[in-house]
Each structure stands twice: as C-alpha cells, then as structure tokens.
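Values below: all heavy atoms of this structure, side chains included; hydrogens, waters and symmetry mates excluded.
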Amino acid sequence: MDPGVRDALLTAYADGSWGRYHGHHCDQLTQQLAESHHIEYVWLCASGTVAVEVALRGLGIGDGDEVVLAAYDFPGNFRAIEAVGARPVLVDIDRETWCLDVQAVEAGVGERTRAILVSHLHGGLASMSELRELADRHGVAIVEDACQAPGARVDGRIAGTWGDVGVLSFGGSKLLTAGRGGAIVTNRQDVYQRAKIFCERGNDAFPLSELQAAVLLPQLEKLPDRNRVRAENVSRLLAQCGGWSWLQPLGVPDSGQQASYYKLAWKVFQGAGSPCTREEFLRVIQAEGVAIDAGFRGFGKRSARRCRQVGDLVNSKLAAEDTVLLHHPVLLEPFAVIDQLAQAISKVVDSF
Ligand SMILES: Cc1ncc(COP(=O)(O)O)c(C=O)c1O
C-alpha cells in the first residue's frame, strides 16, 4: 500500500490527465528516469517485453544477425530476438550469479554476432565490466536487461547503463509497477532515434499511458530506500536459513555491489540424497503461505533450427530444473515478519 500512488491516482482523476494521450506525467517520468540513471535518452513503452525488442531494433539488428543470450533467461527475450529476424545464440550461465558466464559468451561470439543480451536475474548481477570489455573488443553491442534489477548498482554504475541500451519493466509484479509498462535507456542518439521511429506510427504504437506514468513517479522516488530495506532483509533472512545441503540460496552479490531483489533465488538440489523434488518442496512451502514459485524454464530444449547452442549449457539446465524464487513483497516487511518467514522455511526444510 503506497499513499503516494493513491494520491497520484486521485490527482490524475481530478485534473483529467488520466484520460489524455499526452501530458506532463510521461514527460516527468522520462526526465526523472534519465536523471536517476545519469543517461541521455529514455523511451517509455508498453512493457519490458516490447522494450527488449525496441532495444534490438534501436541497435539496427535484423535478418542474418546473431544475438548471444543466456540459455536461462526470461522467455520473451528469446522471442524478441526472433521477432527482429535475428538468431539467438545460447550460452551458459555462471554457477554463482545465475547470469551470463563471461567465458561462455566469449566462446559464443561469432562473425554474425551483433549484440549480447544480458539480464540481471533473481537478485544476481551480471559481470558488466568484463562483459563490456568483451563486447568492445569484439565490436558488438550490449542490451542490458535490468527489468528485475531497477536501481541496482553494478561496480558503482546503475544497472541498465552499462549496455549500449538498457531495458526496464514496470509490469504488474515488478519493483516499479504500473501493471504494465517498460522503457529503454541509452546514451546513443542513433539507438534512440531508431527506437522512436519504430514505435511512432502516426501515434505511439506501444505507449506507456499518462496514468501509468503518474503512479510510477512516487515509486521511483522511493526506489533507493526500498532497495536498501530489501537488501537488509535478504541478509537477515539468509543469516537464518543456511547450512542445508539440498536447499541453498543463490550466491548474493558481494558488498561492493547493490542488488535489488525482485526475486530471491534458491536452488533445490534434486540429485541423490535429496529428500524431495522441487515440485514437492513448492507444494509444502506454498501451503505454509510463503510466496515461492518455480523459476524460468530456460531454453536448453529449444530446437537447433531456432538457435545456435554453445557448449552443454549444464548450469542453465540445472537452473531451469532447480530454481525456486521468493517473491519480493515480503522483503519490505519489518524484521519480525522476516524472522517468521525464516522460521516457516526452516520448518518446511525440517519436515522432509
Ligand atoms: C528479465 C526480464 N526481462 C524482461 C521481462 C519482461 O517484462 P514485462 O513483464 O514488463 O513484459 C521480465 C518480466 O518478468 C523479466 O524478468
């Protein structure tokens, strides 16, 4: 419950801006995203999913091009690459961060590669300085998907701004939410221009509405504080949830980084000696009232007709089978609730 959102809704109703094509809310959001990201250009759009496609189109990627991405990622990212006519190249993820493995990317970049699509997933942060160096060395672009990590800092720089173009989501479950919505952020004028031309069809074809922008503004202001509270609560939770052989949290970013926890990832090891399958664990933990779900399905089983696969993708396949995700709302609760959550998880673990 955010009184800032309620006030924004009431004000938009009273001043009529809720029903207008254009107004000051989208302009203000564009400006504040640019300022908070220290970036030149922002283009608001209808979702993170379409923003990834707009980012690729902004880079001029199309037929015959290849785009490298993780074999464990948001499903729409694979489709966005196909939507622009390019071919996805699947590479493995890092065992610790669940994000792109830099050496695997190095092996995946080929003659036709035009871009690397990097997502920060589940509270983990991709190794952006290494990926930036690699991309520059090969003369390829980076699309940095920060849909799960708004306001996170990677080596001091805000997630989304390491890429030639960054992507944000304001979807219904996100840390900044308007039910739907997204944006690209970039310092490249050519990318911004191409994105704009793609979206402008006499009218904006994939717009963010004035009302959506109005409810995002008060949330954007609070994002740094909320990210700090979520990170503190993750530390407190994990301090009480350790030492289990078959349920382990994803390695959290070290103290030099600032994660933003849209989801908190855990791995349920399902090999020999494990007391339960992921599905059994999910059934019991959900019955306990804890908002934990399965992770992405990954692309490890995609046909070779649709993509090029590099290596055995072993970590991505494990991530697809083993990941469970704690959803973020509880991470803004007081310590007492976090302690209750830790007890609930411990109780379920002990029950197996
Ligand atoms: C990593 C990642 N990229 C892109 C998206 C797409 O965002 P949207 O739901 O706004 O389309 C999501 C949504 O969950 C996501 O997790």
Side-chain angles (χ1 to χ4, degrees), residues 1 72 74 93-99 119-125 148-152 172-175 177 225-298 314-352:
M1 302 298 268
Y72 178 84
F74 174 67
I93 54 170
D94 178 86
R95 282 184 87 84
E96 293 303 316
T97 63
W98 253 210
C99 298
S119 299
H120 302 288
L121 290 186
H122 311 339
L125 296 173
Q148 294 205 358
S173 61
K174 295 296 193 302
L175 297 178
T177 180
D225 272 350
R226 287 180 173 173
N227 278 346
R228 190 183 38 73
V229 171
R230 280 187 282 261
E232 277 170 15
N233 277 336
V234 164
S235 300
R236 188 174 179 99
L237 178 67
L238 295 185
Q240 298 174 67
C241 294
W244 300 318
S245 61
W246 58 274
L247 179 70
Q248 287 175 12
L250 184 80
V252 294
D254 63 38
S255 54
Q257 316 288 17
Q258 282 173 36
S260 67
Y261 290 97
Y262 163 59
K263 306 271 185 185
L264 178 65
W266 309 64
K267 309 170 211 177
V268 179
F269 291 104
Q270 298 175 94
S274 169
C276 62
T277 63
R278 175 174 69 172
E279 274 51 47
E280 285 162 349
F281 171 74
L282 284 174
R283 238 187 342 266
V284 179
I285 195 93
Q286 287 169 356
E288 200 61 34
V290 179
I292 290 187
D293 270 309
F296 295 139
R297 294 170 70 168
V314 65
N315 294 330
S316 305
K317 287 175 183 164
L318 272 179
E321 283 166 16
D322 292 350
T323 305
V324 296
L325 302 171
L326 174 72
H327 199 36
H328 68 84
V330 71
L331 297 176
L332 284 183
E333 295 291 336
F335 282 166
V337 177
I338 300 300
D339 295 349
Q340 265 182 329
L341 173 62
Q343 282 159 20
I345 297 172
S346 304
K347 181 178 145 193
V348 168
V349 169
D350 290 344
S351 75
F352 283 106

Atom pair [atom1]/[atom2] of [X] and [Y] - distance to nearest 0.5 Å:
X: H328; Y: Q148; atom1: NE2; atom2: CD; value: 10.0 Å
X: C276; Y: I285; atom1: SG; atom2: CD1; value: 10.0 Å
X: S316; Y: W98; atom1: OG; atom2: CH2; value: 8.5 Å
X: E96; Y: N315; atom1: CD; atom2: CG; value: 9.5 Å
X: Q240; Y: S235; atom1: CD; atom2: OG; value: 11.5 Å
X: L125; Y: T97; atom1: CG; atom2: OG1; value: 8.5 Å

Exercise: identify the closest heavy-atom pair between [X] and [Y]:
X: L264; Y: L238; answer: CD2-CD2, 4.2 Å
X: F281; Y: V324; answer: CE2-CG2, 4.0 Å
X: G123; Y: A259; answer: O-CB, 3.6 Å
X: C99; Y: S119; answer: SG-O, 3.6 Å
X: I93; Y: A319; answer: CD1-CB, 3.7 Å
X: N227; Y: P150; answer: ND2-O, 3.0 Å

Hey, are the side chains of [X] and [Y] touching, using non-hydrogen atoms and a 4.5 Å cut-off?
X: F269; Y: S245; value: no
X: V290; Y: V330; value: no
X: S346; Y: V349; value: no
X: L331; Y: V229; value: no

Check your understanding: Do NZ/NE/NH1/NH2 and the carboxylate oxygens of K347 and E288 come within less than 4.0 Å?
Key -> yes

**Study point:** Side-chain ion pair, D339 and R236, N-O less than 4.0 Å
**Key:** yes

Review point. When the aromatic ring centroids of Y72 and H122 are compared, is their separation below 6.0 Å?
Key: yes

Review point. How far apart are the C-alpha atoms of L247 and I345, what are their side-chain angles, what is the distance that settles it, and do they pass the side chain to side chain contact (heavy atoms under 4.5 Å, CB included) test?
Key: CA-CA 10 Å; L247 179 70; I345 297 172; 4.1 Å; yes

Practice item. State which residues pass ring pair (Phe, Tyr, Trp, His ring centres under 6.0 Å) with Y261; sequence neighbours excluded, sorted by chain then number. Key: none

Cut-off 3.5 Å, side chains only: do [X] and [Y] have a donor facing an acceptor?
X: R230; Y: N233; result: no
X: T323; Y: W266; result: no
X: K263; Y: H327; result: yes

Practice item. With side chain to side chain contact (heavy atoms under 4.5 Å, CB included) as the test, would you mind laying out the steps for F74 and L121 before giving the verdict? Key: CA-CA 9 Å; F74 174 67; L121 290 186; 5.6 Å; no

Check your understanding: Between the side chain of E280 and the main-chain N/O of T277, is any donor-acceptor distance below 3.5 Å?
Key -> yes

**Study point:** Qualifying residue, where the test is side chain to side chain donor-acceptor pair (under 3.5 Å) with D322 and the options are R278, Q270, Q248, K267
**Key:** Q270

Check your understanding: side chain to side chain contact (heavy atoms under 4.5 Å, CB included) between I292 and L325: does it pass, once the steps are laid out?
Key -> CA-CA 5 Å; I292 290 187; L325 302 171; 5.9 Å; no

Review point. CZ of R228: more than 12 outside heavy atoms within 6.0 angstrom?
Key: yes

**Study point:** F352 vs S274, side chain to side chain contact (heavy atoms under 4.5 Å, CB included): CA-CA, chis, key distance, verdict
**Key:** CA-CA 9 Å; F352 283 106; S274 169; over 6 Å; no

